[in-house]
Asks: 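Can you keep this structure in mind? I'll have questions shortly.
Numbering of ligands and ligand atoms starts at 1, following listing order.
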Amino acid sequence: MTERFSEKTNELVKRAERACAPVFERIDEIARYRTELVMDAMAARRVSETDFIPSSGYGYGDVGRDKLDMLYADVFGCEAAIVRPHIVNGTHALTIGLFGLLRPGDTLLSVTGKPYDTLDEAIGISSSDNKGSLRDFGVKYRQIELKNGESIDLKALRNTLVDDKSVKVVYLQRSRGYAQRKTLSCDSIDEVYTLVKEICDAFVVVDNCYGEFVEKREPRADLLIGSLIKNPGGGFAESGGYLAGSKKAVELAAARLTSPGIGAECGASLGQNKNMYRGLFYAAHTVAQAQKTAVLAAYVFEELGFDVSPRYDETRSDIIETVTFHDPEKLCAFCRGIQAGSPVDAFVTPEPWEMPGYADPVIMAAGAFVQGSSIELSADGPLRPPYTAFFQGGLTYESGRLAIATAANMIEEY
Ligand SMILES: *Cc1c(COP(=O)(O)O)cnc(C)c1O
């Protein structure tokens, strides 16, 4: 490392890398394994240059688009998938899945507590304001809290499924998202899947955002749903989302994505196929870069005396890391460091601002090639005790390392 950092920071980062080496090796091993599976699927499906030819209009006969759907199914261990640049974000993908599966009178049952904030209005959790939420269409909602913020309450789930025959979707959020809780492993999601299928024929739907490619496989579900500007887009997809799962569930979702009777057969790819293929090719590698950046940060900021979660050597099932500063100025210094270590907008100084829908000001750092992309290095934290930064991403370990060192140096100087 050059002389841009203090000797203390340089020493700390070197020490961190020595300590993290075995963890990095485990991460690389997963990336090698998942890459092999992606390459095998690409070979078996005979991916070729003609798959990148853009379609327009209705998009009938877009061979590349249909092949990408099958590749996602292969790589995620599912029967079918739909992958589209027209899905505007993760919230939209989840909304398509839920509206595809649920009918009036059905119940949506979340077993991981309250879902990610952006779904409140899609589900109609807090109110019914006639904007077309599931609740407006007569879909009921129930939730079961995680036990100690860690594990799924299987007993409560069993009791609810036995009592309430209206449950049509059992919903799980794999990642901690922006909550102080543990991320669920694929094994623990599989347990829910097995239990549900023993009792009834409800669909199991997983919000898989931030979890893709972190473990050697994806969880079992009727639908796995996520955003392409997170893990599976590999930093290359410009926009989009995916839903992968059973043939039946994917067909129902496709009828909601476009229209009943049309489903997945229409939708011009508009030249986005190549980015999505390349992103899938890179995803295992890119996720490993993000993971290593998070592991390094966990070690460095724990050494500096802050609370981190997960710890550097803890098992991970998503790419999110949190650092708790117990001090607003340090939280801001951290975000400024991350911004300064980003490839785009490095000259910008992030400031806390009052974001619509949030009770406290939020500070955000992001310098991404794709707007809002969080497989690229990004951080944010609400300005309220305990002053926690949630951060994730990093397209290359080298640039992630630089950003972490910059942030550590800024906090040291502060
Ligand atoms: C990102 C994310 C979503 C969807 O958010 P968008 O900003 O709409 O893409 C949903 N759930 C979790 C856990 C997420 O991390």
Asks: Can you confirm whether Gln371 is buried at CD, in the sense that more than 12 heavy atoms of other residues, nucleotides or ligands lie under 6.0 Å from that atom?
Replies: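 No, the 6.0 Å shell around CD holds no more than 12 heavy atoms from other groups.
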Asks: What protein heavy atom is closest to atom 4 (C) of ligand 1, reported as residue, atom name and distance in Å?
Replies: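 Protein heavy atom with the smallest distance to atom 4 (C) of ligand 1: Thr91 N, 3.6 Å.
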Asks: Is it possible for you to check whether Lys230 lies under 6.0 Å from the centre of the six-membered ring of Tyr116, through NZ or CZ, and within 45° of that ring's axis?
Replies: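 Checked: cation-pi criterion met.
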Asks: Between Phe99 and Arg256, is there a cation-pi geometry (under 6.0 Å to ring centre, at most 45° from the normal)?
Replies: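 Not flagged: Arg256 not positioned over aromatic ring of Phe99.
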Asks: Counting only heavy atoms, which portion of Leu94 has something under 4.0 Å from ligand 1: side chain, backbone, both, or neither?
Replies: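 Answer for Leu94: side chain.
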Asks: Would you mind telling me which of Leu146, Asn159, Ile144 makes a side-chain contact (heavy atoms from CB on, under 4.5 Å) with Asp153?
Replies: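 Single pass found, and it is Ile144.
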Asks: Of all the atoms in ligand 1, which lie at a distance below 4.0 Å from a heavy atom belonging to Tyr210?
Replies: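 Those qualifying, in numeric order: 15 (O).
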Asks: Would you mind telling me if ligand 1 is within reach of the side chain of Asp207, the backbone, both or neither, using heavy atoms under 4.0 Å?
Replies: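 The answer is the side chain.
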Asks: Given that the side chain starts at C-beta and the backbone is N, CA, C, O, which of these parts of Lys230 lies under 4.0 Å from ligand 1, counting heavy atoms, or is it both or neither?
Replies: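 Only the side chain of Lys230 comes within reach of ligand 1.
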Asks: Whether the Ser133 and Glu121 side chains hold a donor-acceptor pair (N or O, under 3.5 Å, no angle test) is what I'd like checked.
Replies: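 The criterion, which ignores hydrogens and geometry beyond distance, is not satisfied for Glu121 and Ser133.
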Asks: With heavy atoms of Gln173 as the reference, note each atom of ligand 1 found under 4.0 Å away.
Replies: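 Listed by number with element: 13 (C).
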Asks: Any idea which atoms of ligand 1 are less than 4.0 Å away from a heavy-atom of Gly90?
Replies: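 Within the 4.0 Å cut-off of Gly90, ligand 1 contributes 4 (C), 6 (P), 8 (O), 9 (O).
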Asks: Closest approach of Phe325 and Leu331, non-hydrogen atoms and distance?
Replies: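 Scanning both residues, the minimum pair turns out to be CD1-CA, 3.7 Å.
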